[in-house]
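Data block below; observations after.
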Amino acid sequence: MPTTRPRHSVTETEEISEILDEASRKWSDVPRAKLIRLIMLDWVASGRSPTSRSQARAVLEGSLPGSSALYDRSQDWPA
């Protein structure tokens, strides 16, 4: 399908193959080539992406008395 957006190819290394095998058990009716998109959407929805973690930290930052002095954002994932 024509697009102006970047495309990415993924080689099925052993690690990627294992991830796709696990995903195919969850989404058994989805062709293997389309699983990567579902994996990425699931990753973001479940709060495992760096952006999701950053947003969660922003909400919680300073919620415990005295905790802000212990939190060094420069040592964390980039926002």
TODO: Could you state whether L35 and L41 fall into the same hydrophobic cluster, counting links through intermediate Ile, Leu, Val, Met, Phe, Trp or Tyr residues with side-chain heavy atoms under 4.5 angstrom apart?
DONE: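 L35 and L41: separate clusters.
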Open item on the list: List the residues meeting salt bridge (charged side-chain N to carboxylate O under 4.0 Å, His left out) with E12, not counting sequence neighbours, and say none if there are none.
Closed with: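 Counting only residues at least two positions away or on another chain, E12 forms a salt bridge (charged side-chain N to carboxylate O under 4.0 Å, His left out) with R32.
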TODO: Could I get the full list of salt bridge (charged side-chain N to carboxylate O under 4.0 Å, His left out) partners for K26, not counting sequence neighbours?
DONE: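 K26 satisfies salt bridge (charged side-chain N to carboxylate O under 4.0 Å, His left out) with D42 once adjacent residues are dropped.
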TODO: Mind jotting down which residue pairs meet the side-chain hydrogen bond (donor to acceptor under 3.5 Å, both in side chains) criterion with at least one end in residues 2-11? Sequence neighbours excluded, please.
DONE: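 The answer is none; no pair qualifies.
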Task: R25 side chain reached by E22 side chain, heavy atoms, under 4.5 Å - done: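 Heavy-atom side-chain distance check passes, below 4.5 Å.
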- [ ] Decide yes or no for D21 and S17: does some side-chain heavy atom of the first lie under 4.5 Å from some side-chain heavy atom of the second?
- [x]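 D21 vs S17: side chains touch.
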Task: Between CG on residue L20 and CD1 on residue I39, distance to nearest 0.5 Å - done: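 Interatomic distance, L20 CG to I39 CD1, rounded to 0.5 Å: 5.0 Å.
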Task: From CD1 (I19) to CD1 (I16), nearest 0.5 Å - done: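 I19 atom CD1 to I16 atom CD1 measures 4.5 Å (nearest 0.5 Å).
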Task: Non-hydrogen atoms of W27 and L38 that approach each other most closely - done: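 The pair with the smallest heavy-atom distance is CH2-O, 3.6 Å.
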